[in-house]
Amino acid sequence: MSENNPKKQNTTIFGQILAGKKPATFLHQDDEMIVIKDISPAADHHYLVIPRVWIRNVNHLNPSHIELLERMWDVGKKVMRDLQVKEEDVDFIFHKPPFRSVDHLHLHVVTRNYFPLRSLWGLRYNTK
């Protein structure tokens with residue numbers, strides 16, 4: 001189930017960034033999503049793909065979100081390509097509750113040289 005509550009969205013750090021109330025280092029912006037540098041990177045390249053629509057977490061996804069998820073993945077791949085990072089060196093990870101810090105769905109696009117607890121940290125995204 002998607003939650004589209006602007007008041008709640010604006011209380012998250014991502015909602016504040018989307019509203020222009022908090023600073024961030026943007027690598028991509030469009031009508032559907034933004035990509036920012038992670039404030040506490042766990043790898044050489046660690047970016048967040050954040051949809052503009054507020055979806056609390058992966059437990060609130062449904063089949064209507066498939067196109068959004070695919071677009072998030074495509075934008076994450078493009079950002080890494082633009083930075084000349086090979087796709088085979090990249091993981092695409094969603095936090096799985098309770099392992100999340102922000103109640104706003106976001107895709108971590110991170111090079112594979114990150115900390116070893118990644119299997120506990122989130123769900124790898126794969127379109128296959």
Side-chain angles (χ1 to χ4, degrees):
M1 169 187 304
S2 176
E3 297 185 48
N4 298 311
N5 180 338
K7 288 184 180 177
K8 175 61 179 174
Q9 177 181 347
N10 288 334
T11 65
T12 71
I13 186 68
F14 296 157
Q16 292 174 36
I17 290 168
L18 286 164
K21 296 178 180 176
K22 293 281 184 185
T25 302
F26 292 87
L27 285 87
H28 174 90
Q29 296 184 64
D30 65 31
D31 292 341
E32 284 184 289
M33 65 198 68
I34 62 172
V35 180
I36 62 172
K37 280 187 161 184
D38 192 291
I39 196 167
S40 233
D44 294 338
H45 294 276
H46 187 168
Y47 310 106
L48 307 175
V49 181
I50 305 166
R52 292 187 184 275
V53 63
W54 179 56
I55 301 167
R56 185 182 297 271
N57 60 53
V58 295
N59 293 339
H60 293 266
L61 293 170
N62 64 55
S64 73
H65 296 116
I66 290 172
E67 287 182 24
L68 174 65
L69 296 175
E70 289 174 345
R71 175 105 167 92
M72 290 172 71
W73 190 59
D74 288 342
V75 167
K77 287 193 315 185
K78 181 189 180 314
V79 165
M80 290 304 221
R81 262 193 322 269
D82 290 349
L83 294 169
Q84 299 180 337
V85 177
K86 296 177 188 174
E87 187 175 337
E88 60 266 20
D89 295 333
V90 177
D91 275 337
F92 301 87
I93 303 170
F94 288 103
H95 284 287
K96 59 183 175 183
F99 302 103
R100 67 185 190 291
S101 58
V102 179
D103 272 336
H104 189 130
L105 182 76
H106 54 286
L107 175 64
H108 289 258
V109 181
V110 59
T111 48
R112 292 191 171 155
N113 61 337
Y114 59 97
F115 62 89
L117 295 176
R118 65 183 175 200
S119 64
L120 297 175
W121 185 45
L123 300 172
R124 285 188 183 167
Y125 178 72
N126 190 330
T127 58
K128 295 178 184 178

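All figures in this text were calculated on a predicted structure; none of them were measured in a lab.
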Item to check | Carboxylate-amine/guanidinium contact D74 K78, below 4.0 Å | outcome: no

Checklist entry - Between F26 and K37, is any pair of side-chain heavy atoms under 4.5 Å apart? => result no

Checklist entry - Within a strict 4.5 Å, meaning less than it, do heavy atoms of the Y47 and V110 side chains meet? => result no

Checklist entry - Is it true that D91 and R112 make a salt bridge, defined as a side-chain N closer than 4.0 Å to a carboxylate O? => result yes

Checklist entry - Do any N or O atoms from the side chain of W54 and from the backbone of D103 form a donor-acceptor pair under 3.5 angstrom? => result yes

Next on the checklist: Taking D30 first and then R71, would you say they form a salt bridge - that is, a charged N and a carboxylate O separated by under 4.0 Å?
Outcome noted: yes

Item to check | Nearest atoms (heavy-atom pairs only) where A24 meets I17 | outcome: CB-CG2, 3.8 Å

Checklist entry - Taking atom CD of E88 as the centre, does the number of heavy atoms from other residues, nucleotides or ligands within less than 6.0 Å exceed 12? => result yes

Item to check | Parallel, tilted or perpendicular: ring planes of H108 versus H95, cut at 30 and 60 degrees | outcome: perpendicular

Checklist entry - If you look at every heavy atom in S40 and H46, which pair is closest and at what distance? => result O-ND1, 4.3 Å

Checklist entry - To the nearest 0.5 Å, how far apart are OG1 in T12 and CG in L18? => result 7.5 Å

Checklist entry - Looking only at heavy atoms, what is the nearest atom pair of M72 and P51, with distance? => result CE-CD, 3.7 Å

Item to check | Check: M33 and V75 side chains under 4.5 Å, non-hydrogen atoms | outcome: yes

Checklist entry - What distance do L27 atom CG and L83 atom CG have between them, rounded to the nearest 0.5 Å? => result 6.0 Å

Next on the checklist: Among L61, I55, N57, which residue satisfies the side chain to side chain contact (heavy atoms under 4.5 Å, CB included) criterion with N59?
Outcome noted: N57

Checklist entry - So does E87 pair up with R81, basic N to acidic O under 4.0 Å? => result no

Next on the checklist: Tell me which one of V90, V109, D44, V79 satisfies side chain to side chain contact (heavy atoms under 4.5 Å, CB included) with V85.
Outcome noted: V90

Checklist outcome for this item: When every non-hydrogen atom of H65 is compared with those of H60, the smallest separation belongs to CE1-O, 3.6 Å

Checklist entry - Between CD1 of I34 and NE2 of H28, what distance do you get to the nearest 0.5 Å? => result 9.5 Å

Checklist entry - Do I36 and T25 have side chains that get closer than 4.5 Å, going by heavy atoms? => result no

Next on the checklist: Could you measure the distance from the CZ atom of R52 to the CG atom of L68? Nearest 0.5 Å is fine.
Outcome noted: 12.0 Å

Checklist entry - Taking all non-hydrogen atoms of both residues, which atom of F14 and which atom of L48 are closest, and how far apart? => result CZ-CD1, 3.7 Å

Item to check | Side-chain heavy-atom pair M80, T111 within 4.5 angstrom cut-off | outcome: yes

Checklist entry - Is the side chain of H106 donor-acceptor paired with the backbone N or O of H104 at a distance under 3.5 Å, no angle test? => result yes

Checklist entry - Do you know the tightest heavy-atom contact between V58 and F94? => result CG1-CB, 3.5 Å

